[in-house]
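Remember, it's 1-based here, ligands and their atoms both numbered in the order they're listed. Everything quoted here is computed from the prediction, not taken from an experiment.
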Amino acid sequence: MADAAVKEKSVDANSAEAERELTDGFHLIIDALKLNGITTIYDVPGIPVSDFLRMAQAEGVRVISFRHEQNAGNAAAIAGFLTKKPGVCVTVSAPGFLNGLTALANATTNCFPMILISGSSEREIVDLQQGDYEEMDQLAIAKPLCKAAFRVLHAADIGIGVARAIRAAVSGRPGGVYLDLPAKLFGQVMDAEKGKKSLVKVIDAAPAQLPSQESIRRAIDVLKSAKRPLIILGKGAAYAQADDAIRNFVEKSGAPFLPMSMAKGLLPDTHPQCAGAARSTVLRDSDVVMLIGARLNWLLSHGKGKTWGEAPKKFIQIDIEPKEMDSNVEIAAPVVGDIGSCVSALLKEMGGNWPAPPAEWIKAVSSKREENIAKMAPRLMNNSVPMDFHGALGALRAVIKERPDAILVNEGANTLDLARGVIDMYQPRKRLDVGTWGVMGIGMGYAVGAAVETGKPVLAVEGDSAFGFSGMEVETICRYNLPVCVVVFNNNGIYRGTDVNPTGGSDVAPMVFVKDARYDKLMEAFGGFGVHVTTPDELKRAVNAAMDSGKPTLINAAIDPKAGSESGRIGNLNPQSALKKK
Ligand code: ADP
Ligand code: TPW
Ligand code: MG
């Protein structure tokens with residue numbers, strides 16, 4: 001007996017000894033992420049990633065679990081935009097992967113760096129299509145929808161796989177990367193020392209990309225020739241975190257600037273050169289347009305047509321992606337490089353004294369701006385009940401003015417388009433919205449990601465339809481006790497709440513929701529604060545109280561169901577039937 005006990009004990013000791021010298025896929029993935037400064041994971045757990053997430057938390061990684069992978073993916077994507085490091089989203093196989101894929105594709109479209117890591121089923125079974133648990137050839141499906149896609153089959157390749165994913169996400173034009181990790185990989189064991197050596201710390205993941213001196217001189221020549229210059233700042237400029245250089249450049253140029261939605265606040269919207277309130281005028285009448293991290297896509301009417309007026313225009317474009325040049329119209333002065341390097345080189349080339357643009361142009365722009373601002377002012381101060389969008393937004397505009405470091409998340413149609421115009425931003429990277437696709441559903445994912453990454457208060461201004469796409473994540477907001485205040489602009493439907501079923505049948509019209517729904521109760525269900533408001537004054541008080549408390553809050557703001565217009569400001573994109581009865 002005694003002999004047997006001794007023997008058993010020594011076997012234990014040996015295996016403990018052996019364990020210390022071994023590592024496995026689980027730990028190698030965690031170590032590879034941590035080695036590269038990735039300390040937060042956004043996820044939905046399940047086979048085969050549950051234990052991975054438990055171990056990651058045990059190893060000090062912040063693990064934020066969501067109710068749906070699309071929202072976890074959106075949180076990772078916005079983390080990438082805010083930090084210039086890839087946000088990481090972890091999902092289960094097939095259905096979880098597909099739910100996360102929408103967010104990965106959206107991140108890629110918006111040029112945000114993120115990595116979607118999905119567990120996958122057994123390769124041998126998937127490839128023979130023998131019907132494994134959640135069987136799907138995920139790598140093949142992800143490939144066309146993201147910037148790069150990789151699969152790791154051996155524990156010894158985890159280090160290099162994670163390194164490739166990180167570099168692919170953040171270098172050049174940032175985007176989404178898919179990393180496929182088959183279930184078997186997690187449990188694969190290898191020698192700990194060898195494992196440690198196999199990890200790769202990515203050096204200079206997004207190297208500076210210097211523009212050629214010739215391109216800088218050409219750009220300066222074109223800018224100097226301008227009689228009516230305009231600078232357009234896009235979300236690439238916000239992403240670049242070259243805030244001082246951009247501000248110095250814009251101010252030195254003296255040109256009016258127009259911020260795209262997520263570039264608002266790079267220079268304050270109240271800056272004397274800001275042409276946000278004279279958008280149509282500057283797009284139509286400018287003669288030289290400099291794009292900094294903005295694409296000439298649908299959001300800028302592709303750089304041509306009525307919006308851009310009759311007079312010939314010359315474009316200067318700064319972008320890290322060479323293929324972006326001439327994508328829609330001829331670019332007279334392409335400047336290829338990272339925005340920080342390009343703008344610094346331009347500043348240098350401008351020299352000591354740069355001629356101010358013709359006074360006539362500056363005056364034309366500023367008088368148009370003042371005129372439009374004056375026209376808008378009384379609408380924003382209206383206290384009518386039921387509230388219209390302008391009255392409600394006037395209240396929120398005042399809140400952000402007093403709290404310029406709060407992050408504003410915004411989606412919807414009227415709720416989006418009107419808020420973008422009305423709510424002035426004062427600091428860079430504080431406005432997060434539907435981006436290049438105009439996608440609904442980013443709201444709660446972006447709100448959680450922004451709160452987790454920055455620790456700043458978040459105000460999410462949501463159409464009632466928009467909110468519904470990610471609304472269940474109010475539980476996530478409560479669970480992690482995040483400083484998020486959600487305001488639902490509740491107009492009983494999509495665009496409006498007044499459509500009727502033309503057949504007189506009992507189904508409501510396709511764009512209409514339950515009348516006078518109480519979204520505030522949803523937040524209360526999970527221990528957060530719910531408030532129902534009907535006037536701009538009540539709304540302002542409720543938002544201020546929520547932001548002072550830092551507690552999860554949802555304010556249901558009753559908006560006149562008649563107030564909105566079809567598709568907000570982009571009704572012109574709606575196809576029309578030639579047969580439509582007037
Ligand atoms: P917006 O929607 O605000 O107009 P877009 O998403 O259309 O902006 O354009 C952003 C552009 O910025 C993309 O073409 C992208 O390649 C570019 N970009 C992103 N990061 C950088 C960077 N660091 N340096 C230069 N260009 C960048
Ligand atoms: C993933 C189409 C664009 S805007 C919108 C939808 C459904 C909702 C507008 O209603 P909301 O706003 O939010 O109540 P408001 O203030 O005008 O009443 N699916 C996806 N993305 C988009 N863009 C749509 C559908 C859409
Ligand atoms: Mg609505």
Seminar exercise, completed: So for Ile318 against ligand 1, with non-hydrogen atoms under 4.0 Å, the contacting part is neither
For this session: Just give me the atom name: the N, O or S atom of Asp464 closest to the Mg ion (ligand 3).
Result: OD1
Exercise. Hey, does Arg496 come in under 3.5 Å of ligand 2, counting only N/O atoms on both sides?
Worked result: no
Exercise. Among Gly175, Gly293, Ala240, Gly234, which one has a heavy atom closest to atom 10 (C) of ligand 1?
Worked result: Gly293
Problem set entry | Numbered atoms of ligand 1 (with element) below 4.0 Å of Met260, judged on heavy atoms | 3 (O), 4 (O)
For this session: Could you list the atoms of ligand 1 found under 4.0 angstrom from a heavy atom of Tyr239?
Result: 20 (N)
Problem set entry | Non-hydrogen atom of Phe489 closer than 4.0 Å to ligand 2 | no
Problem set entry | Polar contact flag for Glu321 and ligand 1 (N/O pairs, less than 3.5 Å) | no
Problem set entry | Ligand-side contact atoms (ligand 2) for residue partner Ala413, heavy atom cut-off under 4.0 Å | 4 (S), 9 (C), 12 (O), 15 (P), 17 (O)
Problem set entry | ligand 2 to Glu411 polar contact by distance, N or O atoms, under 3.5 Å | no
Exercise. Should one rank Ile339, Ile232, Asp319, Thr436 by closest heavy-atom distance to atom 22 (C) of ligand 1, which comes out on top?
Worked result: Ile339
Exercise. Does the N or O separation between Phe469 and ligand 2 drop below 3.5 Å for any pair?
Worked result: no
For this session: May I ask you to check if ligand 2 and Gly412 share an N or O to N or O distance below 3.5 Å?
Result: no
Exercise. Checking Lys84 against Tyr239: charged group under 6.0 Å from the ring centre and within 45 degrees of the axis?
Worked result: yes
Exercise. Would you call Gly337 a ligand 1 contact, heavy-atom distance under 4.0 Å?
Worked result: yes
Exercise. Can a non-hydrogen atom of Trp437 be found less than 4.0 Å from any atom of ligand 2?
Worked result: no
Problem set entry | Contacting atoms of ligand 2, where contact means under 4.0 angstrom from a heavy atom of Ala466 | 13 (O)
Exercise. Of all the atoms in ligand 1, which lie at a distance below 4.0 Å from a heavy atom belonging to Asn297?
Worked result: 7 (O)
Exercise. Atom 2 (C) of ligand 2: protein heavy atom closer than 4.0 Å?
Worked result: no
Exercise. Gly493 near ligand 2, heavy-atom distance under 4.0 Å?
Worked result: yes
Problem set entry | Any N/O pair Arg295/ligand 1 closer than 3.5 Å | yes
